[in-house]
Amino acid sequence: MATELDRRFQVVDSPIDAAAVMRRVQHPGNGAICVFYGVVRDHALSGRQTSQLHYEAYREMAEEKMTEIADDLYRRWGIDRVAMTHRIGRLGIGEPSVVIAVGTPHRKLAFEACEYAIDRLKAEVPIWKKEIGPDGEEWVE
Amino acid sequence: MATELDRRFQVVDSPIDAAAVMRRVQHPGNGAICVFYGVVRDHALSGRQTSQLHYEAYREMAEEKMTEIADDLYRRWGIDRVAMTHRIGRLGIGEPSVVIAVGTPHRKLAFEACEYAIDRLKAEVPIWKKEIGPDGEEWVE
Amino acid sequence: MQTDRFVTPAARDTVLVKVRFFATHRETVGADRVSFELPGGASVADLIETLVARFPDIQPVVGAARFAVNREYAAPTTILHDGDEVALIPPVAGGRS
Amino acid sequence: MQTDRFVTPAARDTVLVKVRFFATHRETVGADRVSFELPGGASVADLIETLVARFPDIQPVVGAARFAVNREYAAPTTILHDGDEVALIPPVAGGRS
């Protein structure tokens, strides 16, 4: 079951190995690789200071949704070199919560497909975050 | 002279340390980091098979031009977290020739600014490549 | 078969579904999964009604939720079948960041 | 100063520039840098003319080049000054990939 291909779309509960995410899109036909990191930052959408985020996932559905997004990358652009890993649990400032890598022959498509993938992931993949700061905790909606 | 800041815009003649390029844009206000890798691929623009590329730079001007591009990122978008490293010399297939990292509070700008940076770099930074394949060598223009 | 005639319609038509809760819903309900037995032909909307009756505290937040049946987003009119896994999906935050 | 009067105009107005070659130009010229002495007031275009006279093989490729003076792109009409570093910049390839 746990082939390298399966591991392209993962929810993990330990720090993301970004180098491993990139290795999953390696291909001699790549001229460009775009890698996106979503990172915990010190100020939340609410404007309040954040010291930690807690991420929770509907893991099975999240991994299925990531696979569906990848299928759409293939349908739209013929791209089959994409990998996504989302981390759950408690993350401190500066830690990546999500890493997406896309490899393509030419660079324009790498940017376009990587941005499309993270936009879709953020809108559809069932993962939630709770801001934890000096003023308390709150689920971000 | 060789402060961490100076090292944000570099021409190097050894393999690029992509983790170090990323570290140069770390900041607690980052919510997104976009990293672009330009990679040697197995088929050249000419359609011929490539086995190696040789990169040559006008190094002093290349580093100045990268700094100028970064200045423009600041003028356009207020972005001051950008780092670029270009490698010269002989590179095999799959090796990165250039790595650009951009850190921003929100993701849309990270993609836009990173793509802008590589487009500008490719058009303006005086670095040339020679394709080396089974059929001979040729400077790519 | 003759035996079929003696099974009551109610018993025959009951479906058992597993409901999963996440984030703010999970904290409100105090559990991450609860099983519900519903009359045959019940929809996601019927399930939500049953759910709110049992966990009244969820009412203020359930309105913004989406639903998934067997890990696919599903409309409230979706008819449930025995063994289905239904999830309440609170709004995800990432669209803006 | 009295001595100024006896300096010949040619000698006074000469500028010495360093020219750098890269990629296909470097291979054609067979050197990565060559110094040129030019009359005062000479432009980049004048330098190129001198250059082609000395390295005729560069003529077919020089037409597509851009020029940099002291590491800034410069027009062919740019007047050169003593000590300037002029570079011939062959087309860079990356715009498409």
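What you see below is based on every heavy atom in this structure, not just the backbone, and it leaves out hydrogens, waters and symmetry mates. To find a chain, count down the sequence lines: A is the first, B the second, and so on, and within it residues start at 1.
Applying the salt bridge (Lys or Arg N to Asp or Glu O under 4.0 Å) rule to B/Glu112 yields no partners; only residues at least two apart in sequence or on another chain are considered. Checked against salt bridge (Lys or Arg N to Asp or Glu O under 4.0 Å), B/Arg59 has the following partners two or more places apart in sequence or in another chain: B/Asp13.
With respect to the salt-bridge test (charged N to carboxylate O, under 4.0 angstrom), the residues B/Glu115 and A/Lys108 qualify.
Contacts with chain B (heavy atom to heavy atom, under 4.5 Å) involve no residue of residues 61-82 of chain A. Heavy-atom proximity under 4.5 angstrom to chain A picks out B/Pro28, B/Gly29, B/Asn30, B/Gly31, B/Ala32, B/Ile33, B/Cys34, B/Val35, B/Phe36, B/Tyr37, B/Gly38, B/Val39, B/Val40 from residues 28-40 of chain B.
Note that OG1 of A/Thr104 is 9.0 Å distant from CZ of B/Arg41, once rounded to the nearest 0.5 Å.
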